[in-house]
Q: 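The structure that follows is given in the form of structure tokens.
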Amino acid sequence: MLCFCMLRYVGLIRRWTVFKEKLESSIKKVLEEFEIYDDKIDFKVEIPPEGFGDLSTNVAFILSRILKKNPREIANTICDRLSMEADYSRVEVAGPGFINVDFSIAYLSSVLAEMINAPDFWKTKGDTKIQFEFASANPTGPFTVGHGRQAVFGDVLCRIFSSRGYRVHREMYINDAGRQIGLLGRSLWVRYNQYLGVEEVLPEDGYQGEYLIDIARGLAGEIGERFKGIWNSEIEAFFKKYALDTMLEDIMGTLKRLRVEFDNVFFESSLIDDGTVDSVIGMLDRKELIYESEGARWLKVSSFVEDDDKVLVRSNGSNTYFMTDIAYHYNKHGRGFRKVFDIWGADHMGHIPRMNAAMKALEIEDGFLNVIVHQYVNLKREGEVVKMSTRRGEFTTLDELVEAVGVDSTRYFFAMFDPDTHMLFDIDLARQRSNDNPVFYVQYANARISNVFRTAKEKNVETSRDSLELLDSQEDRRIIKLLTIFPEILDSVVTDYRTNRLTSYLEDLSRAFHGYYNKNIIVDPENPALSGARLALCDAIQNILKNGLELLGVEAPDSM
RNA sequence: GUGCUCGUGGCUCAACGGAUAGAGCGCUGGACUCCGGAUCCAGAGACUGUGGGUUCAAAUCCCACCGAGCACGCCA
């Protein structure tokens, strides 16, 4: 299959892909004329580096292998035929055998006109029901800078998938049923007693962060000495719940300030309470995929994937995280999502094979569960890389970060890295030099355009689509081409989950505009036709900048 | 030890197997009497960790090695 002929867009608007398809079909036609066309000729049409034209193809290289001829020679032959077609203003062979083409200005400006006529041209319609689960956590401490990356990354992916025609359900999973919550409750109880003057020590692997001291103080204010020095299962439950509720409130507040919201918060404990866990165990049992050993119950993971068998139910009768996670995904499947996407930190990578095994064991279709893994954030403070630990209480909270650099910068910063990169966050740099953040560069481009329109209004210069063919400079063409690829950028994010493609794109577009602005007077009352056309171009640019920033959850102020 | 991820100018990061490896920060030198100088233009700065291999073409794919991170629990 030819990779570029996938018709991914449905709609009336002509887009860059249509340009690609146009060149592709032109070439196909030439090959057919020469009777060498074959489905297996997997050539590409792509946007070349600056200075080589509007589009470029490597078809001559592919053919040279088959025909055993010099690629340049083949390119010249194809080039001669393509030159005869209208809509190409230039067709040239370059380098070792690339064929580069330029489109006519009439063709380009007609595309610009369509983008202006339909500002939503870049959106895709659809109603595929999918789910994103992210920012799921042990609610055992405030969110750290590390959680921030996942929260923002997940939120931006949700926004982009929504724009691509998916009905996205956002969910956060709370591990409120495990041993860690028990430790948290006990740690809080110890802090409460310490506050009341009782000498208690934190459990070996308890939570040492100061936030528990603050919570303990608040709790003592509420209930006084009611639980001083007493510990039983009822009190344990109280402290667990109190700690959990307080932490959850804190976390949700942080997320809200970061503009991250969910359609649903799902509690692990509910899967035990409503019997889902038991019924899933029953199903696996009937399939004879569970066996007992050393007092525990194991899933035959090894009969599905390259991994060892794992414990589902401990010898003390409690469920492992793996067990409840299987039940959780069984529940998700039952809710009718076409696909679910789980965003996990790199530390959960080892969990993937066993979950895939569990999906197979439950006969859930391949492709239902998609795990997106991102690397963690290292923090640089006072020139040193610090490792964060919630348990030891050593971390910079997400709230502190947002406070220091602002929501827009925080969001943009997390979105601008390839999720696979082990990013280094220099907190000191972020604090003092927040103006260096590229978010301002993009926002400024948008604000500048708003100002251009204010000026145009003052000077009575009107936006006009009548003379778009005047926009024929290299800079004009570059901007028009950039605008047309916006939908492709979003599609690439949907394909490989790299939100940084969007930030890079917005920076490219902003750079193109800033350069254009410095080189050209946009509002010139002496030249209303050209000014009108340039304002129309600005309108198209601003439409994309505003929508791009909206997808990042970053504000697009009209003045800064 | 095994598996996964990563290694790109001084720093932080880009680059569907393609042309001269791009930006930003920092550094040097320039640009509004004119729509906002949070901008623009120019310059210096890189044998893409090392060594092989595949290809017309490798930062990208394959193998080995070096280095960093993560995971290898009846934690989550």
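Both backbone and side-chain heavy atoms feed into the values below; hydrogens, waters and symmetry mates do not. Numbered from 1 within each chain, the chains take letters A, B, ... in sequence-line order.
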Q: Look at Glu171(A) together with Lys332(A) and state whether they make a salt bridge at an N to O cut-off of under 4.0 Å.
A: no

Q: Please determine, by modelled atom types, if Glu294(A) and Ser315(A) share a side-chain donor-acceptor pair under 3.5 angstrom.
A: no

Q: With rounding to whole Å, what would you report as the distance between rG10(B) and rG52(B) at their C1' atoms?
A: 31 Å

Q: Can a donor-acceptor pair under 3.5 Å be found between the side-chain atoms of Asn100(A) and the base atoms of rA19(B)?
A: yes

Q: Regarding rA71(B), can its base be found pairing with the side chain of His351(A) as donor and acceptor, where the two atoms are less than 3.5 Å apart?
A: no

Q: Step by step, work out the salt bridge (Lys or Arg N to Asp or Glu O under 4.0 Å) result for Arg297(A) and Asp285(A).
A: CA-CA 10 Å; Arg297(A) 309 188 75 191; Asp285(A) 222 2; 2.9 Å; yes

Q: Can you check the distance between rG1(B) and rC65(B), where both ends of the measurement are the P atom (answer in whole Å)?
A: 10 Å

Q: Indicate, with a heavy-atom threshold strictly under 4.0 Å, whether Asn175(A) touches base, sugar-phosphate, or nothing.
A: sugar-phosphate

Q: With a centroid cutoff of 5.5 Å and a plane-angle limit of 30°, would you call Phe98(A) stacked on rG18(B)?
A: no

Q: Should the pair Arg164(A)-Asp491(A) be classified as a salt bridge under the 4.0 Å nitrogen-to-oxygen rule?
A: yes

Q: Measure the distance from CG on Asp307(A) to P on rG3(B) and round it to the nearest whole Å.
A: 13 Å

Q: With under 30° as parallel and over 60° as perpendicular, where do the rings of His351(A) and Phe322(A) fit, or are they tilted in between?
A: perpendicular

Q: Determine whether the side chains of Tyr291(A) and Asp309(A) contain a donor N or O and an acceptor N or O closer than 3.5 Å.
A: yes

Q: With the threshold set at 4.0 Å, does a side-chain nitrogen-carboxylate oxygen contact exist between Arg454(A) and Asp558(A)?
A: no

Q: Starting from C1' on rC56(B), measure out to CZ on Phe43(A) and report it in whole angstrom.
A: 18 Å

Q: Both Gly95(A) and Gln180(A) contact RNA chain B. Which one's nearest nucleotide lies toward the 5' end?
A: Gly95(A)

Q: Among rA76(B), rC74(B), rC13(B), find the nucleotide with the atom closest to the side chain of Met423(A).
A: rC13(B)

Q: How many Å lie between OH on Tyr376(A) and P on rC4(B), as a whole number?
A: 20 Å

Q: Between rU5(B), rA19(B), rA76(B), which one does the side chain of Asn138(A) approach most closely?
A: rA76(B)

Q: Go through rC35(B), rA76(B), rG18(B) for me and flag the one nearest to the Ile62(A) side chain.
A: rG18(B)

Q: For nucleotides rU48(B) and rA58(B), find the distance between their C1' atoms and express it as a whole number of Å.
A: 11 Å

Q: Out of rC35(B), rG18(B), rC74(B), which nucleotide sits closest to the side chain of Glu294(A)?
A: rC74(B)

Q: Taking the side chain of Arg314(A) as its heavy atoms from C-beta onward, which of rA76(B), rG69(B), rC13(B) lies nearest to it?
A: rA76(B)

Q: Ignoring hydrogens and angles, answer whether the base of rC6(B) and the side-chain atoms of Thr421(A) contain a donor-acceptor pair closer than 3.5 Å.
A: no

Q: Given the C1' atoms of rA14(B) and rA46(B), what is the spacing between them in whole Å?
A: 14 Å

Q: Nucleotide by nucleotide, 5' to 3', does protein get under 4.0 Å of the base (B), only the sugar-phosphate (S), or neither (-) in nucleotides 38-50 of chain B, counting heavy atoms?
A: BBS----------

Q: Checking Asn175(A) against Gln180(A): is there a side-chain donor and acceptor pair closer than 3.5 Å?
A: no

Q: Tell me: CG of Asp508(A) to P of rG24(B), nearest whole Å?
A: 11 Å

Q: From NZ of Lys310(A) over to P of rG3(B), roughly how many Å is that when rounded to an integer?
A: 15 Å

Q: So Ala346(A), base contact, sugar-phosphate only, or nothing? Heavy-atom distance under 4.0 Å.
A: sugar-phosphate

Q: Using the C1' atom as the point on both nucleotides, what is the distance between rU5(B) and rC41(B), in whole Å?
A: 40 Å

Q: Using the C1' atoms only, state how far rG24(B) lies from rC40(B), rounded to an integer number of Å.
A: 15 Å

Q: How close or far is atom C1' of rG73(B) from atom CZ of Arg179(A), stated in whole angstroms?
A: 10 Å

Q: Should we count OH of Tyr505(A) as having more than 12 external heavy atoms under 6.0 Å?
A: yes

Q: To the nearest Å, how far apart are Ile521(A) CD1 and rA31(B) P?
A: 18 Å

Q: For the residue pair Phe98(A) and Phe61(A), categorise the inter-ring angle as parallel (less than 30°), tilted (30 to 60°) or perpendicular (more than 60°).
A: perpendicular

Q: Can you tell me how far P in rG43(B) sits from the matching atom in rG51(B), rounded to whole Å?
A: 31 Å

Q: Judged by modelled atom types alone, do His348(A) and Asp342(A) share a side-chain donor-acceptor pair under 3.5 Å?
A: no

Q: Can you check the distance between rG3(B) and rA42(B), where both ends of the measurement are the P atom (answer in whole Å)?
A: 49 Å

Q: By nearest nucleotide on RNA chain B, pick out whichever of Arg454(A) and Glu268(A) is the more 5' one.
A: Arg454(A)

Q: Going by distance alone, is a donor N or O of one side chain under 3.5 Å from an acceptor N or O of the other, for Asp176(A) and Ser269(A)?
A: yes

Q: With pairs taken as Watson-Crick or G-U wobble and both distances under 3.5 angstrom, which stems of at least three consecutive pairs involve RNA chain B?
A: B:1-7 with B:66-72, B:10-13 with B:22-25, B:27-31 with B:39-43, B:49-53 with B:61-65

Q: Can you check whether any acceptor in the base of rA76(B) is under 3.5 Å from a donor in the side chain of Thr140(A), or vice versa?
A: no

Q: Closest to the Met349(A) side chain: rC4(B), rU55(B), rC13(B)?
A: rC4(B)

